[in-house]
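In the text below, chain A, chain B and the rest are named by the order of the sequence lines, each starting its count at 1.
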2 protein chains.
Amino acid sequence: MDLRHLKYFIAAAEELNIGRASQRLYISQPHLTRQIQQLEEELNIQLLLRTPKGVELTPAGKIFLDEARNIRSLMEQGIERTKRASQGKLGRLDIGILGTGILHAIPQILRHFRDTHPDVKVVLHTMSKADQIEALRQKRISIGFHRMPLLNVDIDNLLIINERLYLAVNEDHILSRQESVSFMELANYPIVLFPTEARPNFADRVIELCRNKGFVPEISQLVGDAFTGIALVVGGFGISVVPESTRTLNLPGLVYRPFHDCNSATVDFSCIYQKSEHSAILEAFLAAIHTFKQQHEAQVIV
Amino acid sequence: MDLRHLKYFIAAAEELNIGRASQRLYISQPHLTRQIQQLEEELNIQLLLRTPKGVELTPAGKIFLDEARNIRSLMEQGIERTKRASQGKLGRLDIGILGTGILHAIPQILRHFRDTHPDVKVVLHTMSKADQIEALRQKRISIGFHRMPLLNVDIDNLLIINERLYLAVNEDHILSRQESVSFMELANYPIVLFPTEARPNFADRVIELCRNKGFVPEISQLVGDAFTGIALVVGGFGISVVPESTRTLNLPGLVYRPFHDCNSATVDFSCIYQKSEHSAILEAFLAAIHTFKQQHEAQVIV
DNA sequence: AGCAATCCATACCCAAAAGGTATGGGTATA
DNA sequence: TATACCCATACCTTTTGGGTATGGATTGCT
């Protein structure tokens, strides 16, 4: 049995006249007769009653007409859905995330993406950078976000934004009294840094900046993630250095201060994906990232 | 595009290897290659990525695999449903009913039928005998129930049961004091009869019986249906004659009494259907009627 | 490096089935 | 009775489903 048989039967059942149906189908009447005979033989069920005026449906024919229409529309829908999937408008995108990127860039990128691709299911997986790379290679995720590039031949790295660093400090701390602070002040107080894993990481970046300025920071605590670090700062266990996007976190007793003497006090936020993957969904998501980049750069200029 | 293409694609997508899939399908590998190429060309979408180890699914291919499986199972279900419809096990049966038949025979017949054909939707239409015949001809119903045969060349009449008649009388009435009464007593009291329409009808049958006994009954009221007649008896407006099945109606203040001197005091309950209709559902329903008849006759003998 | 094994794609052939024309048989209407 | 209408049958052509042989590309093994 063929989809053609279904199409022919639907036409005959709708016209209740094989000759008219054959005209509608642009085939000859005898051929339509034979095709419907074939269908009935194959099912071993009579679907049409032949009358002098035309044909009429048997009870089984009525049911089969329902089913045939159903299958036809499912077929059309299926093709439509496949086409949308091929354009990246339907499907699933698995994303690896880590740390403070979730606070600023990722939600905005996701919003852009969802506006243009509402039927793509986005699944976020929190995982370390090493896990992200492994997951990319195994295609468990299609794109990952992180702060420090880790070069790999098969992995592409795309810079999203370069964020200024801020001092995160308890409002009772002496440094909170200044509107902006000198980066050199970091030499004088114990610092809370993060994360512990996924080297090189954000903590390494801060230590590198200190070393460039000629001092070695005193690290009071090295904690697993930014949120834990912030909590320690709020609790008075030290000061911390955070990317600008962390300022979204407005905790009571916590203030953020810019550095007035260090233009290089920045950190990158990037995404990684497999060079060889050319899925339309990923392309669309990378386009959303570019949109975000352009909007962000425009804001900075303003 | 064809169902064959779907079958082939499903096999290739499941095996992730065109050669193995072709073996599973008992066709040659080159032919499967070409068929899948055709499918992709027709959709204008790449569904499979060719790798040295075999093939893998593109995102669109994953969606199309879902859709194809869906269509395939719907196809199988559709054929199955059509087969059941052709055996009269799926579909719809429209039945015309009238009067007191609904009290005894019809529910039991329906129960038998529903046991063996649970997926046939039964629709009851209350309509007069003349309407039933018209509806049968227009195929708005497939079978009708009534009490008095009305011969028509194109309509078959099947006797279901022959019921004894009972006197329906108010418990305060003098006739209620006897366990059984004489049919001749009907000559002495005003009688409520029914129905008014669909001649010849049950009222005509009662009048005919009286005439056979040599008297003309005094008809106090001729009402539209049995239920109205019974209500009048309860209200003390007269006595009535009813088929045995009406005894199912146990109203307070109402008693039924047999006739001890009139073996012919019976009425038929029959069904009518079109001679030319040979639908499997109707055949199955007629079979249920035969089952009911046999059970009923067995009960009468016991 | 080179050879064998695998896997998909291409070329070419045949047979089956899709689809066409001509025509016949049955039933209703003029 | 003739005619129109509708479906079925007979027979022919063309398309295409499906086969075999073979080539190009990559991986793994020696």
Side-chain angles (χ1 to χ4, degrees), chain A residues 1-58 60-61 64-65 68 72 137 153-154 275-276, chain B residues 1-58 60-61 64-65 68 72 137-138 153-154 274-276:
Chain A
M1 171 154 41
D2 252 340
L3 285 178
R4 186 176 10 86
H5 288 110
L6 297 186
K7 190 170 99 184
Y8 288 0
F9 174 74
I10 290 170
E14 282 175 355
E15 297 288 343
L16 292 176
N17 179 314
I18 292 191
R20 271 205 306 279
S22 70
Q23 286 172 18
R24 191 172 111 183
L25 294 165
Y26 302 106
I27 60 172
S28 68
Q29 170 267 313
H31 187 59
L32 181 55
T33 293
R34 294 231 8 256
Q35 291 285 306
I36 288 177
Q37 283 173 348
Q38 271 184 22
L39 179 63
E40 290 180 324
E41 279 164 26
E42 192 173 332
L43 294 174
N44 207 20
I45 299 171
Q46 191 170 13
L47 300 173
L48 298 179
L49 293 171
R50 278 70 172 176
T51 71
K53 292 176 189 166
V55 292
E56 54 189 53
L57 289 163
T58 63
F64 192 73
L65 176 59
R72 189 180 55 176
R137 292 203 174 115
V153 280
D154 57 337
K275 282 180 178 166
S276 59
Chain B
M1 172 154 42
D2 251 340
L3 288 177
R4 186 177 9 86
H5 288 111
L6 297 186
K7 189 171 101 184
Y8 288 1
F9 174 73
I10 290 170
E14 282 175 354
E15 298 289 342
L16 293 176
N17 179 314
I18 293 192
R20 271 204 307 278
S22 71
Q23 286 172 18
R24 191 172 112 182
L25 295 165
Y26 301 106
I27 60 172
S28 68
Q29 170 267 311
H31 187 59
L32 181 56
T33 293
R34 285 210 25 84
Q35 291 283 308
I36 288 177
Q37 283 172 349
Q38 271 183 22
L39 179 62
E40 288 180 324
E41 279 164 28
E42 192 173 331
L43 294 174
N44 208 19
I45 299 169
Q46 190 171 15
L47 301 173
L48 298 179
L49 293 171
R50 279 68 172 176
T51 70
K53 291 175 189 166
V55 292
E56 55 188 52
L57 289 163
T58 64
F64 192 73
L65 176 59
R72 188 180 56 175
R137 292 202 174 116
Q138 296 174 3
V153 280
D154 57 337
Q274 270 213 309
K275 281 179 177 167
S276 58

J.: Can you tell me how far P of D:dC7 sits from CG of A:Leu32, to the nearest Å?
T.: 9 Å
J.: Applying salt bridge (Lys or Arg N to Asp or Glu O under 4.0 Å) as the test, list every pair that has at least one member in residues 14-26 of chain A; sequence neighbours left out.
T.: A:Glu14-A:Arg24, A:Glu14-A:Arg69, A:Glu15-A:Arg20, A:Glu15-A:Arg24
J.: Taking 4.0 Å as the cut-off, does a side-chain nitrogen or oxygen of A:Thr33 come that near to OP1 or OP2 on D:dA8?
T.: yes
J.: Quick one: side chain to side chain contact (heavy atoms under 4.5 Å, CB included) partners of A:Arg4, sequence neighbours excluded?
T.: A:Asp2, A:Tyr8, A:Gln35
J.: Under a 4.5 Å cut-off applied to non-hydrogen side-chain atoms, are B:Leu6 and B:Arg72 in contact?
T.: no
J.: Compare side-chain N and O positions of B:Arg50 against OP1 and OP2 of C:dC7 and report whether any pair is under 4.0 Å apart.
T.: no
J.: Taking atom CG of B:Leu57 and atom CG of B:Leu16, what is their separation to the nearest 0.5 Å?
T.: 6.0 Å
J.: Would you please name every residue forming a side chain to side chain contact (heavy atoms under 4.5 Å, CB included) with B:Arg50, sequence neighbours left out?
T.: B:Ile36, B:Gln37, B:Glu40, B:Gln46, B:Leu48, B:Val55
J.: For nucleotides 19-30 of chain D, give me one character per nucleotide, 5' to 3': B if any protein heavy atom sits under 4.0 Å from the base, S if the only such contacts are to the sugar-phosphate, - if neither.
T.: BBB----SS---
J.: May I have the distance from B:Glu56 (atom CD) to C:dC7 (atom P), rounded to whole angstrom?
T.: 15 Å
J.: Using whole Å, report how far CD of B:Gln35 lies from C1' of C:dT10.
T.: 15 Å
J.: What's the CG-P distance between B:Leu3 and D:dG17, to the nearest Å?
T.: 13 Å
J.: Separation of A:Gln37 atom CD from D:dA10 atom P, in whole Å?
T.: 10 Å
J.: Could you tell me how far apart B:Leu39 (CG) and D:dG17 (C1') are, to the nearest whole angstrom?
T.: 15 Å
J.: In whole angstrom, what separates A:Ile36's CD1 from C:dA18's C1'?
T.: 15 Å
J.: What is the distance, rounded to the nearest whole Å, between atom CG of A:Leu6 and atom C1' of C:dA18?
T.: 16 Å
J.: For B:Gln29, check side chain to side chain contact (heavy atoms under 4.5 Å, CB included) against everything at least two apart and list the hits.
T.: B:Ile18, B:Ser22, B:Thr33
J.: Once rounded to the nearest 0.5 Å, what's the spacing between atom CG of A:Leu39 and atom CG of A:Asn44?
T.: 11.5 Å
J.: Near DNA chain C, which residues from residues 14-23 of chain B have a heavy atom under 4.0 Å away?
T.: B:Asn17, B:Ile18, B:Gly19
J.: So, taking the atom named CD in A:Glu41 and the one named CZ in A:Arg34, what distance separates them when rounded to the nearest 0.5 Å?
T.: 8.5 Å
J.: About how many Å separate CG of B:Asp154 and CZ of B:Arg137, when rounded to the nearest 0.5 Å?
T.: 4.0 Å
J.: Side-chain N or O of B:Gln38 less than 4.0 angstrom from OP1 or OP2 on D:dG17?
T.: yes
